[in-house]
Asks: 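Following this message is one structure expressed as structure tokens.
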Amino acid sequence: MGWRNVPYEALCLCFRTTMPLSTQSQPGEQHVFVASLDNARNLSNILKAIAFKDHAIFSATPNGLKVTVEDSKCLQANAFIQADIFQEFTIREDLVGFQINLTVLLDCLNIFGGSAVSVAGMSTVLKMCYRGYGYPLTLFLEEAGVVTVCKINTQEPEEPIDFDFCSTNVTNKVILLSESLKEAFSELDMTSEVLQITMSPSQPYFRLSTFGNSGNAHYDYPKDSDMMDLFQCTKTQTNRYKMSLLKPSTKALALSCKVSVRTDTRGFLSLQYLIRNDDGQICFVEYYCCPDIEVDDE
Amino acid sequence: MKFRGKIVDVACLNHFTRVISTISKLTKSCILRLTPQHLFFVLSGKVTNGGVSMWCELSQANFFDEYQMEGFSPEDNEICLEVTPENLSRALKTTQNAKAVKVKLTKKHCPCLTITAELPTLSSISRVVTHDIPVEVIPRRLWHEFKEPSVPDFHVSIYLPPLKTMKNVVDKMKNLSNFLIMEANLRGEMNLKIETDLVSVTTHFKDLGNPPWGDDASQGGGAARRWDPEAMTQARVDIRKLQQFLIGQQVNPSKAMCNIVHDTVVHLILLHEDVSLQYFIPAVA
């Protein structure tokens with residue numbers, strides 16, 4: 001018995017007998033944002049890929065939902081979930097934004113265990129509602145007839161850092177099959193404080209280097225490799241990024257099937273991960289990272 | 001005092017191992033009472049263990065092929081030991097494909113439960129593994145502390161939802177809060193609730209059914225009969241205690257139920273065919 005097709009007011013009616021007063025919906029109450037999903041994992045999985053800090057900024061627009069997490073003003077991760085991924089996506093304002101504790105949200109989304117779907121129809125159905133500024137984000141989760149209602153307090157959204165990364169300033173860009181990068185990342189020397197990325201129109205084309213306790217290591221990808229979907233490098237660029245900042249992105253890498261690696265004129269790094277969910281739909285997770293130290297081009 | 005028992009049947013041995021393992025997850029130390037017919041594992045609600053108490057009853061005939069005991073005296077034909085279930089459980093895990101397992105009360109450097117397992121061999125030489133598990137003999141004058149608890153005069157008695165679902169929910173709630181409110185009414189509805197500064201979460205279970213207790217049920221004044229069937233009775237408990245209880249359950253019992261005395265205690269009961277487990281979690285303010 002799913003309630004995905006039942007109008008929200010009817011849903012509230014059937015809760016009314018058991019729900020405490022505080023969770024009842026008032027007649028005529030307007031939600032500025034309502035979204036529902038047949039499978040809550042489609043949201044929780046992608047949020048896990050950016051869950052390296054507690055605080056997340058939610059921004060919903062008619063196009064979909066963007067969730068942003070930042071660290072030390074040097075790293076920003078964005079998860080994009082398009083409106084058509086949701087079975088219902090209603091928004092009454094151009095932009096609905098709030099800040100929320102992501103760890104709490106993930107615990108709520110996985111309240112029924114969040115394990116892989118083994119039996120068809122045993123997924124957790126989700127409905128998210130938000131009444132507006134100052135109100136909590138309300139989640140209704142249902143699995144096998146059991147309903148959980150979560151009210152997560154929201155905070156005033158902070159302005160996300162604008163990394164000002166625009167495609168016109170991109171100097172180098174490669175698109176790789178994630179498979180190849182997963183392998184490299186799993187073998188990276190984590191004792192190295194930095195990961196150095198070299199991108200060049202000539203040898204070594206695309207190189208990952210580490211400088212750890214046990215020596216230096218280089219990973220080279222030839223530009224005509226099967227793993228390379230696209231190779232657009234205009235200028236030799238070598239930049240270093242803090243390993244500790246890049247590490248959270250491996251969560252996104254693990255879920256993704258393709259990854260686009262771009263650097264701009266300032267050496268800023270953009271990693272875009274293409275993630276296919278349980279239902280075969282596509283979502284994106286994007287990481288921006290500041291370079292650590294400038295290395296002079298040779 | 002004498003005690004010796006022998007388990008031959010593999011199914012009985014596995015079952016016994018599972019029961020001990022369940023108990024080892026609930027408590028570090030407990031009392032083992034041996035009577036001619038039963039084994040009881042008892043934890044009495046002391047402040048040191050957070051006021052939680054436990055009563056687990058096994059009928060010896062369903063586990064042991066041979067069972068001999070001689071208690072404190074013919075009038076008090078019982079043996080009362082303090083044991084560490086974890087040690088018992090670890091010893092039993094090494095006996096999984098044994099041909100026979102013997103359990104005996106012995107006097108080594110200290111009183112011990114000696115578990116001897118005869119392991120299968122291909123050759124004619126037998127392989128025997130022996131575990132000596134130190135125990136403490138409880139003197140007769142202290143036995144009164146380990147009596148079977150009476151069923152409290154509950155307001156609501158209700159069947160529990162599938163324990164796996166409940167465990168998942170409680171595990172996640174534990175990440176969010178230290179305390180959980182259990183609510184139930186006589187209409188078969190139960191809620192698990194947490195509330196913190198950050199979040200409030202309520203899981204609603206319905207159509208669980210209320211066990212028919214009859215008149216002999218509540219030994220008190222029949223609080224359930226006076227309780228409004230629609231009204232929720234509630235108890236706020238330490239979420240770790242409830243989680244411990246749920247972690248321990250390796251097999252789905254034939255019956256799992258819960259009695260709640262409003263703001264006082266949560267009494268959980270699991271019934272397997274030949275084992276019953278009762279667990280009491282006191283409510284906290």
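Chain identifiers are assigned alphabetically (A, B, ...) following the order of the sequence lines, protein sequences preceding nucleic acid strands; residue numbering begins at 1 within each chain.
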Asks: Taking ring pair (Phe, Tyr, Trp, His ring centres under 6.0 Å) as the definition, give me every residue that meets it alongside B:Phe205, ordered by chain and number, with sequence neighbours left out.
Replies: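 In terms of ring pair (Phe, Tyr, Trp, His ring centres under 6.0 Å), with neighbours along the sequence ignored, B:Phe205 is linked to no residue.
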Asks: Taking atom types as modelled, find out whether A:Arg92 and A:Gln30 have a side-chain donor-acceptor pair closer than 3.5 angstrom.
Replies: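 Indeed, the side chains of A:Arg92 and A:Gln30 share at least one donor-acceptor pair under 3.5 Å.
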Asks: Is A:Asp107 close to chain B through its backbone or its side chain, or both, or neither, when contacts mean heavy atoms under 4.5 Å?
Replies: both
Asks: Tell me, with the steps shown, if A:Lys127 and A:Glu88 meet salt bridge (Lys or Arg N to Asp or Glu O under 4.0 Å).
Replies: CA-CA 9 Å; A:Lys127 180 158 192 146; A:Glu88 183 196 351; 3.3 Å; yes
Asks: Count the heavy-atom pairs under 4.5 Å between each of B:Asn175, B:Leu176, B:Leu198 and chain A, then report the option with the highest count.
Replies: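 Top option by heavy-atom pairs under 4.5 Å: B:Leu198.
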Asks: Is B:Asp197 close to chain A through its backbone or its side chain, or both, or neither, when contacts mean heavy atoms under 4.5 Å?
Replies: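 Backbone only.
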Asks: Taking side-chain hydrogen bond (donor to acceptor under 3.5 Å, both in side chains) as the definition, give me every residue that meets it alongside A:Lys242, ordered by chain and number, with sequence neighbours left out.
Replies: A:Asp292
Asks: Say whether B:His15 and B:Asp274, considering side chains only, have a donor N or O and an acceptor N or O under 3.5 Å apart.
Replies: yes
Asks: Nearest 0.5 Å, please: how far is CE in A:Met243 from CE in A:Met190?
Replies: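 These two atoms lie 5.0 Å from each other.
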Asks: Apply the test salt bridge (Lys or Arg N to Asp or Glu O under 4.0 Å) to residues B:Lys193 and B:Glu183: give CA-CA distance (whole Å), side-chain angles for both, the deciding distance (0.1 Å), then the verdict.
Replies: CA-CA 8 Å; B:Lys193 269 191 354 191; B:Glu183 286 184 330; 3.3 Å; yes
Asks: Within residues 56-74 of chain A, which residues come under 4.5 Å of chain B, heavy atom to heavy atom?
Replies: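 Residues in range: none.
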Asks: Test of understanding: with side-chain hydrogen bond (donor to acceptor under 3.5 Å, both in side chains), list the residues that count as partners of A:Asn153, not counting sequence neighbours.
Replies: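 A:Asn153 satisfies side-chain hydrogen bond (donor to acceptor under 3.5 Å, both in side chains) with no residue once adjacent residues are dropped.
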Asks: Shorter than 4.5 Å, heavy atoms on both sides: which option in B:Thr165, B:Val201, B:Asp207, B:Val170 has the most such pairs with chain A?
Replies: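 When all of B:Thr165, B:Val201, B:Asp207, B:Val170 are compared, B:Val201 has the most.
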Asks: Hey, which of A:Leu105, A:Thr154, A:Val146 has the most heavy atom pairs under 4.5 Å with chain B?
Replies: A:Val146
